[in-house]
Amino acid sequence: MGDVLKKVPVREQDAKVRATNFEEVCYGYNQEEAMEEAARCINCKNAKCITGCPVAINIPGFIHEVKEGNIEEAYKVIGKSSALPAVCGRVCPQESQCEGVCIRGIKGEPVSIGKLERFVADWAREHGISPEKPASTNGKKVAVIGSGPAGLTCAGDLAKMGYEVTIFEALHEPGGVLVYGIPEFRLPKKGVVAPEIENVKKLGVKIETNVVIGKSVTIDELLNDEGFDAVFIGSGAGLPKFMGIPGENANGVFSANEYLTRSNLMKAFDENYDTPIMIGKKVAVVGGGNVAMDAARTALRLGAEVHIVYRRSEAELPARVEEVHHAKQEGIIFDLLTNPLEILVDDNGWVRGMSCIKMELGEPDESGRRRPVEIKGSEFEIELDTVIMSLGTSPNPLISSTTKGLETNRRKCIVAQEENGATTKEGVYAGGDAVTGAATVILAMGAGKSAAQGIDEFLNGK
Amino acid sequence: MYKIRKAEKLAENIFLMDVEAPRIAKSCEPGQFLIVKMDEKGERIPLTICDYHREDGTVTIVFQIVGASTKKMAELQAGDSFRDVIGPLGQASEFIHEPAAELKEKKYLFVAGGVGTAPVYPQVKWMKENGIAVDVIVGAKTKDLLILEDEMRAVAGNLYITTDDGSYERKGMVTEVIKDLVQNQGKHYDQVVAIGPMIMMKFVCLLTKELGLPTIVSLNPIMVDGTGMCGACRVTVGDQVKFACVDGPEFDGHLVNFDEAMKRQTIYKTQEGRAMLKLQEGDTHHGGCGHCGGDE
Ligand SMILES: Cc1cc2nc3c(=O)[nH]c(=O)nc-3n(C[C@H](O)[C@H](O)[C@H](O)COP(=O)(O)OP(=O)(O)OC[C@H]3O[C@@H](n4cnc5c(N)ncnc54)[C@H](O)[C@@H]3O)c2cc1C
Ligand SMILES: Cc1cc2nc3c(=O)[nH]c(=O)nc-3n(C[C@H](O)[C@H](O)[C@H](O)COP(=O)(O)OP(=O)(O)OC[C@H]3O[C@@H](n4cnc5c(N)ncnc54)[C@H](O)[C@@H]3O)c2cc1C
Ligand code: SF4
Ligand code: SF4
Ligand code: FES
């Protein structure tokens, strides 16, 4: 047995090899490794880890079952709280959630909760275990808009309570950011995402793709003409931001969303698919979040030299530590404390470079992070053929602008109560990125869960 | 699956299809578009809704072969299906929101170029259904490429047809007809709507600006999702960047930066050219020969 203060190491694809393919980076634990890691959990009475999980999975409970080798039981424990364990085990920012408060972490490394959750979910899938369809329905209909983590969770929970649920999805595949944003090498689509969605369908949830709410049909029509008793909006925050600097509309400048959508949803990295993608020689990704890392690592795999251009320092990078670490291993170059001023364009309208300025950190700003300020006279140019803007996203106004009585705030987010997801319009609930702005998978799931409760209370009181 | 009810060749490389898409047929308005995806591996292709039959649950599309995907699409027959049809997308033409009385007072001129005749048709038809007779100019390269002539004649007030080579009716570009109507025949228009290839819309706008005629154009930039998520479709209108799929596709033509828009349309030209070659030559072409231009 290894050092009890350390996590059982997880096997990964070699950095040099994986930099050229789209296969999953992390292989996960096998049963032996999982049982060994599970033994590190001291089964705390007052389990802090549970408070760190937005959907309050009974973590010591499931880990105990893993330790005993009862993986199917472990899956049932997780299933009570989470509909997408194979996804969360892979993409949750565990270091700032469950694992961030694990008692083991005070002296040594926390228990590898995420990797254990992933193992249990993968094991269940490989052994053909899936949740059961509820015996009867209560005859009430709920419409769920968007099939991202918020929508899938809300739909799954409502179905378990006996509601007839239909999810309406604007794109041609369900999954939201899980299919169009997060790349294959972090979250396999066919292997992991599709089966989890299949599990939600097995609960009786119908999914209608290609329906753009606000265009194909409005929320009022769903409530008044199509017989739905309540609506949940989980439409995400998909509208990309640009910097507004000169040259930004040049050929070769993309939003991270476009780049990732072409590669993930449309599978442009696979030459058997028809959608094209720009394969740059030298690419700059502007921004420092998870999305920026994903875009950078995608461009790298397509064969480019990739730079992350970020205006603060490494300590402020908003991306997960694991992702930054993986990106560096793979050979992404970090140009920190650097801010773009202008995209330089050649005579034919193509990107030829970017002029930037060096930054230094000044006084802390509202977010508590030190504000980057320009260093006068430090302007310089880099040669490039592709620029990917990854500056964050905001909720799309398609739904709010076509639904009377649905209030939004200054940041275009839908106003909803935190406890139950109720919006300013009766019978209409919302949660996930559409309410909070871009956040995380597990927070979106937590919001979907609370809203399912809220909808149940509303329809029962009716 | 979205079944194709009718598939018809209108002219060389131009095809019409009626497709079952009940939700779209029920809610669409003139000026809007949809996206089709042929199969699992296909691209998402934006196309204007050229007609709709609400009771039947069908919509009509007209498309031209310009690349690999549209070439494949042209092979589909009645009875085949699209895997996905998404829509309606974009804003409806502004005039449908105008009070009928005000609209009747206005004189409209529609200018259609090439396959742009298809998107102009539902607008002219809507006008006719609302009791408004509008003038329509249709331009085609040559007589054989003229489409929807009878349909257009049935709904237009005055129809002026012109061909670049003079093989049918007038000879010359649509811009010459506009000049003729306004300068020689003393016609006055409150609003021009021009839809066709980017280059044609650009020249129509240069002219109508000179003539002082407000002009709306319908832009067709490269798109992916069509719902405001990717920004591929961004265009500069006045001093603002707009997403054509949600803010448009129709814009004030006098404010559109056409040169930028035309450059942006060519982003994937090399990749698309390669895809087309692969399709034409099948297994005999693998790229990399360096002689045929397929690798440029
Ligand atoms: C590239 C990338 C990487 C990320 N990495 C991580 C990570 O590692 N860990 C993590 O926890 N989080 C990560 N996130 C954030 C996380 O994915 C999101 O916070 C989460 O997906 C939000 O879930 P949601 O259900 O609210 O919305 P989404 O996942 O955005 O789903 C919304 C769905 O609604 C659909 N929709 C929108 N409008 C309409 C309409 N009008 N009609 C019908 N359907 C509509 C959309 O098409 C979409 O499918 C990442 C995000 C991105 C973009
Ligand atoms: C809102 C909108 C409405 C449209 N309506 C119609 C219509 O009613 N009938 C019709 O025939 N076409 C229409 N188009 C254009 C049509 O979508 C493109 O011709 C088609 O996507 C090209 O696909 P392809 O793979 O065959 O060609 P590609 O091989 O992809 O492209 C060939 C060439 O066409 C250009 N191109 C590529 N994609 C687009 C695009 N999305 N839009 C414009 N040019 C493009 C490029 O310059 C490229 O070099 C519309 C486009 C938009 C955005
Ligand atoms: S869902 Fe996320 S936060 Fe909760 S236990 Fe799993 S990895 Fe941790
Ligand atoms: S806090 Fe850590 S050690 Fe304690 S129960 Fe949770 S996972 Fe186990
Ligand atoms: S096509 Fe993606 S934003 Fe318009």
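Chain naming here is simple, since letters A, B, ... match the order of the sequence lines and numbering starts at 1 in each.
Between the side chains of N210(A) and Y2(B), at least one donor N or O lies within less than 3.5 Å of an accepting N or O. With no hydrogens or angles considered, no side-chain donor-acceptor pair links T227(B) and N396(A) at under 3.5 Å. In this model, no donor atom of one side chain and acceptor atom of the other lie less than 3.5 Å apart for Y273(A) and E43(B). In summary, the side chains of R234(B) and N249(A) do present a donor paired with an acceptor at a separation below 3.5 Å, with no hydrogens or angles considered. Between the side chains of H172(A) and R83(B), not a single donor N or O lies within less than 3.5 Å of an accepting N or O.
If you take CZ on R44(B) and CG on L171(A), they are separated by 5.5 Å, rounding to the nearest 0.5 Å. Expressed to the nearest 0.5 Å, how far CG of L265(A) lies from CG of D225(B) amounts to 9.0 Å. Rounded to the nearest 0.5 angstrom, C230(B) SG and F254(A) CZ are separated by 10.5 Å.
Ion pairing between K72(B) and D274(A) holds under the 4.0 Å rule for side-chain N and carboxylate O.
At a 4.5 Å heavy-atom cutoff, the contact between V241(B) and chain A is made by side-chain atoms alone. Contacts between A237(A) and chain B at a heavy-atom distance below 4.5 Å are absent for every atom of the residue. The part of K37(B) that comes within reach of chain A is its side chain, from C-beta onward, which places non-hydrogen atoms under 4.5 angstrom from that chain. For K215(A), the parts lying under 4.5 angstrom from a heavy atom of chain B are both the backbone and the side chain. Both the backbone and the side chain of V253(A) come within contact range of chain B, with heavy atoms under 4.5 Å apart. Of the two parts of Y180(A), only the side chain, counted from C-beta on, holds a non-hydrogen atom closer than 4.5 Å to a non-hydrogen atom of chain B. Residue E221(A): no heavy atom, backbone or side chain, is found under 4.5 Å from chain B. For a residue to count as touching a neighbouring chain, one of its non-hydrogen atoms must lie under 4.5 Å from one of that chain's; by this rule Q91(B) touches chain A with backbone and side chain alike. The parts of E40(B) that come within reach of chain A are both its backbone and its side chain, each placing non-hydrogen atoms under 4.5 angstrom from that chain. Using a 4.5 Å cut-off between heavy atoms, E208(A) contacts chain B through its side chain alone, with no backbone atom that close.
What you find for P240(A) and G231(B) is that their closest heavy atoms are CG-N, 4.2 Å. The shortest non-hydrogen separation linking M266(A) to V224(B) is CG-CG1, 4.3 Å. Across every non-hydrogen atom of N348(A) and K263(B), the tightest pair is O-CD, 3.5 Å. Heavy-atom minimum distance, I267(B) versus M278(A): CG2-CG, 4.5 Å.
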Given the rule in the side-chain contact (heavy atoms from CB on, under 4.5 Å) test, do L239(A) and M229(B) qualify, once you have shown the distances and angles that lead to the verdict? CA-CA 5 Å; L239(A) 193 76; M229(B) 190 187 82; over 6 Å; no
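The aromatic rings of F243(B) and F242(A) sit perpendicular, their planes meeting at an angle over 60°, well past the 30° parallel limit.
A distance-only check finds a donor-acceptor pair linking the side chain of S216(A) to the backbone of G87(B) [under 3.5 Å].
Dense packing is recorded around NZ of K282(A), with more than 12 heavy atoms of other residues, nucleotides or ligands lying under 6.0 Å away.
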